Amino acid sequence: MEQKRNYRKELEKIIEKHQKEDRIPTLFLHSCCAPCSSYVLEYLSPFFRITDFFYNPNISPESEYKKREEELERLIERMPFQNRPVFLSGAYCPEKFYEMAKGMESIPEGGERCFACYRLRLEETARMAAEGGYDYFATTLTISPLKNAAKLNEIGEELEQKYGVKHLPSDFKKKNGYKRSIELSAEYDLYRQDFCGCVFSKRERDIRKNSLHRD
């Protein structure tokens with residue numbers, strides 16, 4: 001039986017290695033929203049020069065997208081950082097998400113459609129990281145208890161081979177990372193959405209709410 005990997009320990013070893021070398025590498029970090037990014041940026045910013053990349057064509061409607069984008073930018077401006085991240089917003093292109101999701105509309109949340117969405121966002125992140133000459137790329141998505149960290153790291157490692165830029169392993173929910181993100185969200189009064197962002201996650205959220213009301 002294959003041993004389960006500890007992505008958090010792998011990340012800590014990478015950080016320790018660069019500290020011994022007295023080096024602060026560059027990181028192109030995909031961010032899904034301000035609450036998830038809060039702890040990740042707090043944790044990583046002393047050790048990396050970060051460009052925080054908001055690229056999420058899955059989010060709809062556009063008003064929801066803009067709200068999350070603005071909250072992330074506001075957080076980066078307000079939080080105290082040893083090395084302040086640079087905020088970068090990608091193009092809003094929901095048509096890419098709908099093209100990707102064709103034929104998978106009825107798959108429940110957390111399945112193959114979500115994995116394809118991970119890849120869509122991570123691929124653009126890896127491509128941009130390679131184009132910009134960054135040392136690493138990563139995503140804040142592994143902080144969520146609802147996201148598959150092993151699958152995210154697997155996709156990241158595949159894209160590392162494709163684009164020639166190192167993927168930074170992570171499982172940011174570990175060591176109370178998710179709990180800390182909730183604390184920071186309260187401290188900075190961040191908008192915390194109750195669905196992932198796409199129309200399918202919103203549909204499941206609405207079904208759950210209607211079910212509770214009926215009960």
Side-chain angles (χ1 to χ4, degrees), residues 6-16 18-19 24-56 58-59 63-90 109-110 114 117-118 121-122 125 129 134 136-153 156 167-198 201-202 205:
N6 188 324
Y7 295 105
R8 177 64 181 231
K9 277 192 176 176
E10 291 180 26
L11 172 56
E12 288 171 353
K13 285 180 181 176
I14 290 168
I15 290 171
E16 185 181 348
H18 289 304
Q19 282 188 299
I24 302 178
T26 54
L27 170 64
F28 199 73
L29 177 68
H30 165 262
S31 284
C32 55
C33 62
C36 288
S37 302
S38 59
Y39 166 71
V40 177
L41 291 173
E42 180 184 67
Y43 172 53
L44 293 180
S45 61
F47 311 114
F48 295 89
R49 291 195 301 276
I50 300 171
T51 295
D52 195 88
F53 182 47
F54 184 77
Y55 177 73
N56 300 286
N58 57 308
I59 297 174
S63 57
E64 177 75 16
Y65 181 92
K66 295 301 291 183
K67 189 169 187 177
R68 297 190 195 193
E69 179 185 42
E70 288 164 4
E71 278 292 88
L72 179 56
E73 190 169 17
R74 181 174 72 87
L75 175 72
I76 290 171
E77 287 172 355
R78 287 186 62 201
M79 272 186 79
F81 293 107
Q82 190 172 319
N83 300 298
R84 183 163 298 280
V86 173
F87 176 74
L88 178 64
S89 188
E109 281 291 284
C114 291
C117 184
Y118 297 168
R121 291 184 277 174
L122 275 170
T125 304
Y134 285 79
Y136 294 95
F137 75 97
T139 179
T140 61
L141 287 167
T142 65
I143 198 169
S144 171
L146 301 176
K147 299 291 187 293
N148 187 320
K151 177 58 73 170
L152 284 160
N153 281 281
H167 171 255
L168 194 69
S170 71
D171 193 350
F172 292 119
K173 72 176 91 39
K174 299 291 186 181
K175 296 194 175 179
N176 291 319
Y178 180 67
K179 180 174 178 286
R180 177 60 178 156
S181 76
I182 294 171
E183 293 169 354
L184 287 166
S185 294
E187 183 178 342
Y188 290 96
D189 192 26
L190 298 177
Y191 164 61
R192 285 187 71 86
Q193 61 283 352
D194 61 356
F195 68 105
C196 178
C198 74
S201 61
K202 188 174 186 294
R205 189 245 358 227

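Computed from a predicted structure; not experimentally measured. Along the sequence shown, the residues carry numbers beginning at 1. Side-chain atoms are counted along with the backbone in the values below, which use heavy atoms only and exclude waters and symmetry mates.
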How long is the straight-line distance from [atom2] of [Y] back to [atom1] of [X], given to the nearest 0.5 Å?
X	Y	atom1	atom2	result
T139	N153	OG1	CG	10.0 Å
Y55	L122	OH	CG	11.0 Å
L141	C32	CG	SG	4.5 Å
Q193	R68	CD	CZ	3.5 Å
I59	C33	CD1	SG	7.5 Å

Candidate pair F48 and I15, rule side-chain contact (heavy atoms from CB on, under 4.5 Å), full reasoning
CA-CA 9 Å; F48 295 89; I15 290 171; 3.9 Å; yes
Run the salt-bridge test on E12 and K174 with the 4.0 Å N-O cut-off and return the result as yes or no.
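Looking at E12 and K174, the cut-off is not met.
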Kindly say whether [Y] contributes a backbone atom to a donor-acceptor pair with the side chain of [X] at under 3.5 angstrom?
X	Y	result
N6	R8	yes
D52	F87	no
Y188	S38	no
R121	S31	no
S170	F172	no

Begin from the C-alpha positions of F137 and H167 and carry the test ring pair (Phe, Tyr, Trp, His ring centres under 6.0 Å) through to its verdict.
CA-CA 5 Å; F137 75 97; H167 171 255; 5.2 Å; yes
According to salt bridge (Lys or Arg N to Asp or Glu O under 4.0 Å), does anything in [range] pair up with another residue at least two apart or in another chain? List the pairs.
range	value
residues 26-35	none
residues 143-152	K151-E154
residues 30-50	E42-R180

Would a 4.5 Å heavy-atom cut-off, applied to side chains only, mark [X] and [Y] as touching?
X	Y	value
I50	F81	no
L11	L44	yes
C198	E109	yes
I14	L168	yes

How far apart are the C-alpha atoms of E70 and Y191, what are their side-chain angles, what is the distance that settles it, and do they pass the side-chain contact (heavy atoms from CB on, under 4.5 Å) test?
CA-CA 10 Å; E70 288 164 4; Y191 164 61; over 6 Å; no
Closest non-hydrogen atom pair, [X] against [Y]:
X	Y	answer
P46	N83	O-ND2, 3.5 Å
S37	L75	C-CD2, 4.5 Å
N58	C117	CB-SG, 3.7 Å
G90	Y65	O-OH, 3.4 Å
S181	R192	O-NH1, 3.9 Å

Look at the aromatic rings of Y39 and Y43 and report parallel, tilted or perpendicular, splitting at 30° and 60°.
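Plane angle under 30°, so parallel.
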Starting from the C-alpha separation in whole Å, work towards a yes-or-no answer on side chain to side chain donor-acceptor pair (under 3.5 Å) for T51 and Y134.
CA-CA 9 Å; T51 295; Y134 285 79; 2.7 Å; yes
For L29 and L41, run side-chain contact (heavy atoms from CB on, under 4.5 Å): C-alpha distance rounded to whole Å, both residues' side-chain angles, the deciding distance at 0.1 Å, then the answer.
CA-CA 9 Å; L29 177 68; L41 291 173; 3.8 Å; yes
Using the rule given for side-chain contact (heavy atoms from CB on, under 4.5 Å), can you reason through F28 versus L88, listing the C-alpha separation, both sets of side-chain angles and the distance that settles it, and then say yes or no?
CA-CA 10 Å; F28 199 73; L88 178 64; 3.9 Å; yes
side-chain hydrogen bond (donor to acceptor under 3.5 Å, both in side chains): which pairs involve residues 73-82, sequence neighbours left out?
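The answer is E71-R74.
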Just jot down the salt bridge (charged side-chain N to carboxylate O under 4.0 Å, His left out) partners of K173, sequence neighbours excluded, or say none.
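Listed in chain order: D171.
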Pairing residues for K66 by the side-chain hydrogen bond (donor to acceptor under 3.5 Å, both in side chains) criterion, not counting sequence neighbours:
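With sequence neighbours excluded, K66 shows a side-chain hydrogen bond (donor to acceptor under 3.5 Å, both in side chains) to E69, given in chain and number order.
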